[in-house]
Amino acid sequence: MNSIIILCGSNFNLFSPEIITAFSTVILALITAFYAYWTYQMVKINKKEFEITNRPYVSVMTMDQKIDNNKLVFSVAIKNSGKIPAIITSSEVIAYNEDKTENKSLGKSITTLIIDPGEYIGKDIITLENYSSPIKLTFVFEINYKSPIQKKDNYMTKYNYAFDSTKNLKLIILDTELK
């Protein structure tokens with residue numbers, strides 16, 4: 001009880017060195033906490049930005065078709081536009097006939113293939129035996145891949161194509177998707 005009386009008594013000085021030091025310490029602790037929070041936020045942003053810029057980006061650069069001895073063959077040139085290698089874990093081609101029925105027998109899959117940054121890989125993905133014109137065909141080509149560094153993340157590139165030999169012999173990209 002004596003200490004309370006001394007603090008509240010006439011000996012109490014708001015500008016004493018002890019009070020100024022205590023107040024300054026509280027202010028400094030608040031400023032430090034503020035900077036620690038914003039530093040943490042900046043580290044999270046920089047980490048996400050690093051992950052986005054340092055990952056593989058696999059895309060189809062060209063998709064061509066050729067007719068060879070009554071076979072219609074669709075070929076792709078795949079490129080890794082990212083900064084690190086890409087490991088293709090799987091791919092799938094689902095083709096649809098003119099009546100929209102699924103024709104999975106047409107597609108060929110690409111698996112366990114490593115594409116270095118800037119590298120092109122050419123692959124045949126659909127072969128139609130005994131091809132005869134006219135033909136209408138749509139198909140989905142999906143590539144699943146990952147980074148050799150970022151093991152937990154998987155990526156996907158998907159293209160939707162249409163081919164109609166009654167209009168022209170060019171493939172038309174209907175839609176693309178990158179995840």
Side-chain angles (χ1 to χ4, degrees), residues 40-179:
Y40 173 74
Q41 294 299 322
M42 291 299 291
V43 166
K44 279 183 21 181
I45 291 169
N46 286 340
K47 182 181 177 199
K48 189 67 174 171
E49 183 178 325
F50 179 82
E51 289 172 357
I52 290 170
T53 58
N54 291 292
R55 62 161 272 202
Y57 286 94
V58 173
S59 58
V60 175
M61 298 309 290
T62 61
M63 170 72 95
D64 295 315
Q65 70 276 351
K66 62 184 175 192
I67 300 171
D68 184 24
N69 294 334
N70 283 346
K71 289 183 186 177
L72 177 62
V73 180
F74 292 97
S75 302
V76 292
I78 302 170
K79 180 182 180 185
N80 178 6
S81 301
K83 292 183 178 180
I84 60 175
I87 301 172
I88 294 181
T89 56
S90 67
S91 71
E92 184 177 29
V93 178
I94 301 174
Y96 298 94
N97 298 321
E98 186 175 355
D99 61 356
K100 305 292 185 206
T101 58
E102 189 174 316
N103 190 343
K104 274 193 136 174
S105 65
L106 295 178
K108 297 178 183 176
S109 64
I110 303 168
T111 58
T112 319
L113 181 69
I114 297 175
I115 304 176
D116 290 324
E119 183 179 11
Y120 287 87
I121 301 288
K123 292 287 182 184
D124 295 343
I125 61 165
I126 291 181
T127 302
L128 285 169
E129 303 285 341
N130 301 319
Y131 166 72
S132 62
S133 188
I135 187 171
K136 291 181 183 177
L137 183 68
T138 59
F139 56 93
V140 177
F141 179 45
E142 181 178 303
I143 308 166
N144 297 295
Y145 56 100
K146 65 182 181 178
S147 161
I149 297 167
Q150 301 161 342
K151 305 260 186 211
K152 63 180 177 149
D153 293 331
N154 290 309
Y155 309 105
M156 186 263 301
T157 302
K158 186 177 189 179
Y159 288 83
N160 294 317
Y161 292 97
F163 177 74
D164 186 350
S165 66
T166 60
K167 295 182 180 177
N168 63 32
L169 292 176
K170 296 286 183 193
L171 280 165
I172 299 168
I173 296 177
L174 300 174
D175 185 356
T176 62
E177 186 177 336
L178 176 70
K179 289 184 181 177

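Along the sequence shown, the residues carry numbers beginning at 1. Values below: all heavy atoms of this structure, side chains included; hydrogens, waters and symmetry mates excluded. Keep in mind the model is a prediction, meaning the values are calculated, not measured.
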- request: Scan for side-chain hydrogen bond (donor to acceptor under 3.5 Å, both in side chains) pairs involving residues 139-148, sequence neighbours excluded, and state none if there are none.
  value: Arg55-Tyr145, Ser90-Asn144, Glu142-Asn144, Tyr145-Thr157
Residues which pass side-chain contact (heavy atoms from CB on, under 4.5 Å) with Asp153, listed by chain and number, not counting sequence neighbours: Gln150, Tyr155
- prompt: With sequence neighbours left out, which residue pairs that include part of residues 114-124 fulfil the salt bridge (Lys or Arg N to Asp or Glu O under 4.0 Å) condition?
  reply: none
task: Apply side-chain contact (heavy atoms from CB on, under 4.5 Å) to the pair Thr62 and Val76, showing each step before the final yes or no.
output: CA-CA 6 Å; Thr62 61; Val76 292; over 6 Å; no
task: Supply the atom-to-atom distance Ile115 CD1 to Tyr120 OH, rounded to the nearest 0.5 angstrom.
output: 11.5 Å
Pairwise side-chain contact, Val58 with Ile78, heavy-atom cut-off 4.5 Å (strictly under): yes
- request: Give, for atom OH of Tyr57 and atom NZ of Lys79, the distance between the pair rounded to the nearest 0.5 Å.
  value: 14.0 Å
Distance in Å, Asn54 CG paired with Glu49 CD, rounded so as to fall on 0.5 Å steps: 9.5 Å
- request: Tell me, please, which residues at least two apart from Thr112 pass side-chain contact (heavy atoms from CB on, under 4.5 Å).
  value: none
From CA spacing to verdict: side-chain contact (heavy atoms from CB on, under 4.5 Å), Val140, Tyr96: CA-CA 9 Å; Val140 177; Tyr96 298 94; 4.2 Å; yes
query: Are side-chain heavy atoms of Phe74 and Asp64 found at a separation under 4.5 Å?
result: no
task: Any chance you could measure Ser75, atom OG, to Met63, atom CE, to the nearest 0.5 Å?
output: 8.5 Å
Shortest non-hydrogen separation from Pro117 to Gly82 and the atoms involved: CB-O, 3.3 Å
Which donor-acceptor pairs under 3.5 Å do the side chains of residues 171-179 make with protein atoms, sequence neighbours left out?
residue, atom, partner, partner atom, Å
Glu177, OE2, Lys179, NZ, 3.3

- request: Measure the OG-CG distance between Ser59 and Asn80 for me, rounded to the nearest 0.5 Å.
  value: 8.0 Å
message: Between Ile149 and Ile84, does the side-chain contact (heavy atoms from CB on, under 4.5 Å) criterion hold? Intermediate values first, please.
response: CA-CA 8 Å; Ile149 297 167; Ile84 60 175; 4.1 Å; yes
query: So do the side chains of Ile88 and Ile143 get within less than 4.5 Å of each other, counting heavy atoms only?
result: yes
Leu113 CG to Ile87 CD1 distance, which is reported to the nearest 0.5 Å: 10.0 Å
- request: Dump the intermediate steps for ring pair (Phe, Tyr, Trp, His ring centres under 6.0 Å) on Phe163 and Phe139, then the final yes or no.
  value: CA-CA 9 Å; Phe163 177 74; Phe139 56 93; 8.4 Å; no
query: Taking only residues two or more places apart in sequence, or in another chain, which ones meet Lys136 in a side-chain contact (heavy atoms from CB on, under 4.5 Å)?
result: Glu98, Asp164, Thr166
